[in-house]
Amino acid sequence: MSKIVLTITVLSLALFSCKKEVTNLQDSNFLNVEEKNMSVVAKRTATWCGPCGGWGFDLFADLKQQYKDEAVFMAFKTAFTYVSPEGNTYYDRVNDLFGIGGGTPRFFFNFDTINGVNHAGIGSIAQHIDAEVLAGANYEYTLSDEKIHLKTTTKFFKAAEGDFVISPFLIVSNQVGEQNGHPDGPNTVHPNFVANLAHPINTQFKDPWAYKVATGKIEKGYQINLEFEVYRNPDWTEEDISFALVLFKRVGGTYKFVNAFTK
């Protein structure tokens with residue numbers, strides 16, 4: 001009798017933990033995913049860093065203007081813990097995974113330094129935008145007092161093979177605080193701060209970087225819905241909050257950039 005009860009319990013838990021995932025190719029509640037590449041323009045920066053508030057701030061603003069609606073902008077910032085203490089984790093983690101290198105500000109593009117960093121790597125932004133689209137994503141979210149509930153749809157526009165994952169980064173803007181080297185000093189408005197990573201609903205497992213969307217041989221047209229949640233500061237409004245969805249192909253312990261999306 002105890003074995004029967006145990007079997008039923010395990011089966012129930014398995015179904016409960018997977019019920020937020022939709023993976024069929026038929027019409028479902030999928031979000032519309034545009035067949036479009038978006039590059040990632042990212043920087044490692046710090047509030048105590050003088051050049052970060054000078055040319056680093058200016059270059060970030062110029063690139064946002066130049067590549068509006070064509071790129072995802074992410075500021076991996078340290079010493080900004082009063083906004084979100086988790087930000088320091090991702091400031092360190094991105095360097096551990098991708099070898100961005102020391103010094104701030106440090107600009108990198110599409111999570112790769114092969115074409116250089118800072119001004120030298122800017123050409124890789126347009127290269128990805130103009131490339132053939134393998135896969136893309138879209139999202140929508142709702143707010144509660146303490147959490148953000150995030151729904152994502154990922155779609156493959158070409159057949160593929162391998163292990164593909166998504167990193168749903170919480171991006172917070174319009175946060176006022178100190179920035180050395182900036183003319184506004186303690187009243188500087190900080191944009192596109194990487195505040196946290198959303199985690200799947202109904203699981204205790206929290207990967208420090210990304211979550212599976214597809215593995216093995218993947219058909220053209222394959223889609224998957226995933227649902228996530230992440231804690232929020234109640235002072236953050238919808239105008240402050242966005243998400244950077246970044247798709248990677250995982251090869252061993254490394255991550256190869258595939259595409260990104262924000263809105």
Side-chain angles (χ1 to χ4, degrees), residues 31 38-49 52-53 56-94 104-105 107 137-153 166-201 206 208-211 226-246 260-263:
L31 303 175
M38 296 186 79
S39 279
V40 170
V41 176
K43 64 176 179 176
R44 293 180 80 234
T45 182
T47 58
W48 44 259
C49 164
C52 297
F57 231 82
D58 293 342
L59 179 58
F60 201 65
D62 290 346
L63 292 173
K64 286 184 70 175
Q65 180 67 30
Q66 183 176 355
Y67 292 103
K68 182 181 179 182
D69 301 325
E70 294 184 301
V72 175
F73 292 85
M74 306 175 71
F76 292 88
K77 191 185 301 287
T78 189
F80 210 43
T81 54
Y82 64 91
V83 176
S84 175
E86 290 82 3
N88 276 1
T89 299
Y90 296 103
Y91 174 86
D92 294 330
R93 182 71 171 150
V94 71
T104 51
F107 283 77
N138 192 5
Y139 72 84
E140 63 183 16
Y141 71 84
T142 56
L143 301 179
S144 66
D145 289 341
E146 295 184 348
K147 290 184 179 181
I148 306 169
H149 178 269
L150 174 71
K151 173 185 173 180
T152 69
T153 296
I166 189 169
S167 298
F169 287 102
L170 170 61
I171 307 296
V172 180
S173 295
N174 307 318
Q175 303 305 295
V176 178
E178 178 64 48
Q179 180 58 62
N180 191 20
H182 194 279
D184 293 337
N187 298 313
T188 302
V189 179
H190 294 260
N192 301 92
F193 170 53
V194 179
N196 210 337
L197 184 76
H199 301 288
I201 292 175
K206 294 187 176 182
W209 193 257
Y211 294 94
L226 295 175
E227 295 192 36
F228 303 87
E229 63 184 11
V230 62
Y231 286 99
R232 67 174 285 239
N233 185 324
D235 293 334
W236 298 341
T237 69
E238 289 193 39
E239 293 183 356
D240 304 326
I241 295 168
S242 64
F243 283 87
L245 304 183
V246 186
F261 177 77
T262 194
K263 55 186 177 182

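Throughout, residue positions are numbered sequentially from 1 according to the sequence presented.
- In this structure, OG1 in Thr262 is found 10.5 Å from CZ in Phe73, a value given to the nearest 0.5 Å.
- Contact check for Thr81 versus Asn88: side-chain heavy atoms found under the 4.5 Å cut-off.
- Remark: the backbone N or O of Ala79 is paired with a side-chain donor or acceptor of Thr47 at under 3.5 angstrom.
- Put simply, CG on Asp240 and CG on Asn174 are 5.0 Å apart, with the number rounded to the nearest 0.5 Å.
- Using bins of under 30°, 30° to 60° and over 60° for the plane-to-plane angle, the ring pair Phe80/Tyr82 lands in the perpendicular bin.
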### Message
I'd like to know whether Val72 forms a side chain to side chain contact (heavy atoms under 4.5 Å, CB included) with Val246, so could you lay out the CA-CA distance, the side-chain angles of the two residues, the decisive distance to 0.1 Å, and finally the verdict.
### Response
CA-CA 9 Å; Val72 175; Val246 186; 5.6 Å; no

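- Residues Val230 and Phe243 have side chains in contact (heavy-atom distance under 4.5 Å, counting atoms from C-beta outward).
- Seen from the ring of Phe57, Lys43 counts as a face-on cation partner, given the 6.0 Å and 45° thresholds.
- A distance-only check finds a donor-acceptor pair linking the side chain of Ser167 to the backbone of Trp209 [under 3.5 Å].
- Between Thr188 and Val176 there is no side-chain heavy-atom pair separated by less than 4.5 Å.
- Ring pair Tyr139/Phe261 is perpendicular by interplanar angle, where above 60° counts as perpendicular and below 30° as parallel.
- Between Tyr141 and Phe228, the closest side-chain pair of non-hydrogen atoms is not below 4.5 Å.
- Ile148 CD1 to Trp236 CH2: the interatomic distance, rounded to the nearest 0.5 Å, is 6.5 Å.
- Side chains of Ser144 and His149 form no contact here, defined as non-hydrogen atoms less than 4.5 Å apart.
- Taking each heavy atom of Ala42 and Phe76 in turn, the nearest pair found is CB-CE1, 4.1 Å.
- Here Glu229 contributes atom CD and Glu146 contributes atom CD; the two are 11.0 Å apart, rounded to the nearest 0.5 Å.
- His190 contributes a side-chain N or O that, together with a main-chain N or O of Glu178, makes up a donor-acceptor pair within less than 3.5 Å.
- In this structure, Arg44 contributes its side chain and Tyr91 its backbone to a donor-acceptor pair below 3.5 Å.
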### Message
Set out, in order, the CA-CA distance, both residues' side-chain angles and the distance that settles side chain to side chain contact (heavy atoms under 4.5 Å, CB included) for Met38 and Tyr67, then state yes or no.
### Response
CA-CA 9 Å; Met38 296 186 79; Tyr67 292 103; over 6 Å; no

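- In this structure, CG in Leu150 is found 6.5 Å from CG in Leu245, a value given to the nearest 0.5 Å.
- Surrounding OH of Tyr231 are at most 12 heavy atoms belonging to other residues, nucleotides or ligands under 6.0 Å away.
- Nearest heavy atoms, Ala260 versus Val40: CB-CG2, 3.6 Å.
- Distance CG/Leu170 to CZ/Arg232: 10.0 Å, rounded to 0.5 Å.
- Taking 4.5 Å as the limit, every side-chain heavy atom of Ser242 sits out of range of all side-chain heavy atoms of Ser173.
- Contact check for Asn233 versus Val172: no side-chain heavy atoms found under the 4.5 Å cut-off.
- No donor-acceptor pair under 3.5 Å is formed between the side chain of Gln65 and the backbone N or O of Leu63.
- Note on ring orientation: taking the six-membered ring where Trp is involved, the planes of Tyr90 and Phe169 are perpendicular (angle over 60°, cut-offs 30° and 60°).
- Remark: the Ser84 side chain and the Glu86 side chain contain an N/O donor-acceptor pair separated by less than 3.5 Å.
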